[in-house]
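The structure displayed is predicted, hence computed values, not measured ones.
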Amino acid sequence: MLFRSISVSDLHPSFYGSAELDTRHSQFYLLGMYVGMGGLGWSPYFNVNAYSLHYRFDSNVANSDSTLSAISPTIGMAYAGRNHGVSFGAGYTWVNNPDAGAPGAEGGGSNGATVSFGAYNNGTGRSRMHTQLLSNYNFGSQYLWARGRASVPFRNSTRHPARIGAEVVGQGGGKDLLKSNSFQGGPTLEYTWTPQLRTTGAVGYKSVGGSRFASRESAGYLKLEFSFSP
């Protein structure tokens with residue numbers, strides 16, 4: 001393995017955020033910061049994010065709305081190759097107004113230790129397909145979130161600032177009779193405004209169910225994301 005020594009000048013912070021809305025009256029907002037190191041090989045990283053989830057136990061019952069919020073720091077190790085990389089992390093999530101099986105709580109709906117895994121590959125050649133896998137598990141709420149994405153340059157041009165692709169997201173967990181699960185997928189559009197700023201939009205279909213619901217429900221969703229690396 002290749003490990004690198006650490007100095008303050010090697011630290012590279014980046015900021016990211018997302019907002020997701022669906023037709024089940026669910027809204028999820030997230031804001032975070034990632035601090036890593038440039039260059040190749042293994043190096044430590046620190047990540048922290050805060051999120052808020054507004055949701056309904058039953059989309060047909062207007063007074064079943066609830067909101068939870070959380071903060072989740074993580075430390076770990078990341079490996080960066082020339083066109084690929086992986087990361088492993090561990091942390092803890094603190095939740096206000098906890099609900100272990102809240103549908104759509106990406107980091108988990110109750111207090112608990114967490115583990116995370118990420119991997120990416122930036123393909124070479126004419127298509128230059130990018131693939132990414134992210135996942136997180138909260139032991140306190142027994143909740144798993146995972147997302148896979150793939151994209152290619154728009155118009156098959158490596159110089160075009162836009163990339164088109166697709167995402168698939170699965171998540172679920174909880175305890176006792178308050179379990180939920182959600183599966184969603186749809187097309188994505190990524191646009192690089194500057195070398196430091198990138199945005200991504202996604203629209204698609206979501207299916208939500210689990211023991212806390214009388215029947216499985218479906219919804220359309222819209223998601224907007226940004227990442228900024230000064």
Side-chain angles (χ1 to χ4, degrees), residues 1-18 30-49 72-91 106-107 114-137 144-171 184-202 204 223-230:
M1 295 183 182
L2 175 61
F3 290 89
R4 293 175 285 115
S5 60
I6 304 173
S7 66
V8 174
S9 62
D10 291 329
L11 300 178
H12 298 280
S14 59
F15 305 90
Y16 59 93
S18 66
L30 180 145
L31 187 64
M33 179 183 70
Y34 177 95
V35 181
M37 300 175 64
L40 305 179
W42 287 96
S43 63
Y45 75 86
F46 171 75
N47 182 75
V48 61
N49 62 60
S72 183
T74 300
I75 58 173
M77 295 294 296
Y79 174 82
R82 295 191 181 278
N83 296 298
H84 63 279
V86 295
S87 64
F88 305 88
E106 293 183 3
T114 61
V115 291
S116 58
F117 170 77
Y120 70 90
N121 183 75
N122 296 335
T124 59
R126 185 172 179 81
S127 68
R128 295 191 64 84
M129 176 179 286
H130 290 184
T131 57
Q132 179 195 63
L133 172 65
L134 297 175
S135 61
N136 183 82
Y137 183 77
L144 173 67
W145 173 87
R147 185 188 74 192
R149 280 182 175 172
S151 67
V152 295
F154 186 67
R155 295 181 179 176
N156 205 28
S157 170
T158 58
R159 295 184 178 181
H160 200 284
R163 300 183 65 87
I164 56 175
E167 71 170 11
V168 177
V169 183
Q171 57 185 304
Q184 64 191 78
T188 62
L189 175 63
E190 178 184 310
Y191 198 90
T192 302
W193 300 91
T194 69
Q196 295 78 31
L197 177 63
R198 183 175 68 243
T199 58
T200 302
K223 182 190 304 180
L224 296 174
E225 299 177 349
F226 82 91
S227 63
F228 176 67
S229 302

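Annotation: side chain of Tyr79 is not in contact with side chain of Ser87 (no heavy-atom distance under 4.5 Å). Proximity of Gln196 to Phe228: side-chain heavy atoms (C-beta onward) are separated by under 4.5 Å at one or more points.
Ring pair Tyr45/Tyr34: centre-to-centre distance below 6.0 Å.
Considering every non-hydrogen atom in both Thr188 and Ala166, the closest pair reads OG1-N, 3.4 Å. Of all heavy-atom pairs between Met37 and Pro44, the closest is SD-CD, 4.0 Å. The two residues Gly118 and Leu134 make their nearest non-hydrogen contact at CA-CD2, 4.0 Å. Minimum heavy-atom separation, Gly107 to Thr114: O-CG2, 4.4 Å. Looking at every heavy atom in both residues, Pro13 comes nearest to Pro230 through O-CD, 3.5 Å. Between Arg147 and Val169, the shortest heavy-atom distance links the atoms CG-CG2, 3.5 Å.
Rounded to the nearest 0.5 Å, atoms CD (Glu225) and OH (Tyr16) are 11.0 Å apart. Taken from OH in Tyr137 to CG in Leu144, the straight-line distance is 7.5 Å, to the nearest 0.5 Å. Note that NE2 of His12 and OG of Ser43 are 9.5 Å apart. Values are rounded to the nearest 0.5 Å. Put simply, OG1 on Thr131 and OH on Tyr120 are 10.5 Å apart, with the number rounded to the nearest 0.5 Å. Going from atom CZ of Phe117 over to atom CG of Asn136 covers 13.0 Å, rounded to the nearest 0.5 Å. Rounded to the nearest 0.5 angstrom, Ser14 OG and Met33 CE are separated by 9.0 Å.
For CG of Leu197, the number of neighbouring non-hydrogen atoms (other residues, nucleotides, ligands) closer than 6.0 Å is greater than 12.
In summary, of the residues considered (Val152, Asn121, Asn122), a side chain to side chain contact (heavy atoms under 4.5 Å, CB included) with Met129 occurs for Val152 alone. A side chain to side chain contact (heavy atoms under 4.5 Å, CB included) with Ser18 is found for exactly one of Leu224, Asn49, Leu30, Thr200, namely Leu30.
No donor-acceptor distance shorter than 3.5 angstrom exists from the side chain of Thr192 to the backbone of Thr194, with no hydrogens or angles considered.
Residues Trp145 and Ser135 bring no donor and acceptor atom of their side chains to less than 3.5 Å of each other.
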One pair to check against side chain to side chain contact (heavy atoms under 4.5 Å, CB included): Leu31 and Phe15. What are the steps and the verdict? CA-CA 8 Å; Leu31 187 64; Phe15 305 90; over 6 Å; no
Derivation and outcome, side chain to side chain contact (heavy atoms under 4.5 Å, CB included), residues Leu40 and Arg82: CA-CA 7 Å; Leu40 305 179; Arg82 295 191 181 278; 4.0 Å; yes
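Thr74 is linked by a side-chain hydrogen bond (donor to acceptor under 3.5 Å, both in side chains) to nothing, counting only residues two or more places apart in sequence or in another chain. Every side-chain hydrogen bond (donor to acceptor under 3.5 Å, both in side chains) that Glu167 has, sequence neighbours left out, goes to Arg149, Tyr221, Lys223.
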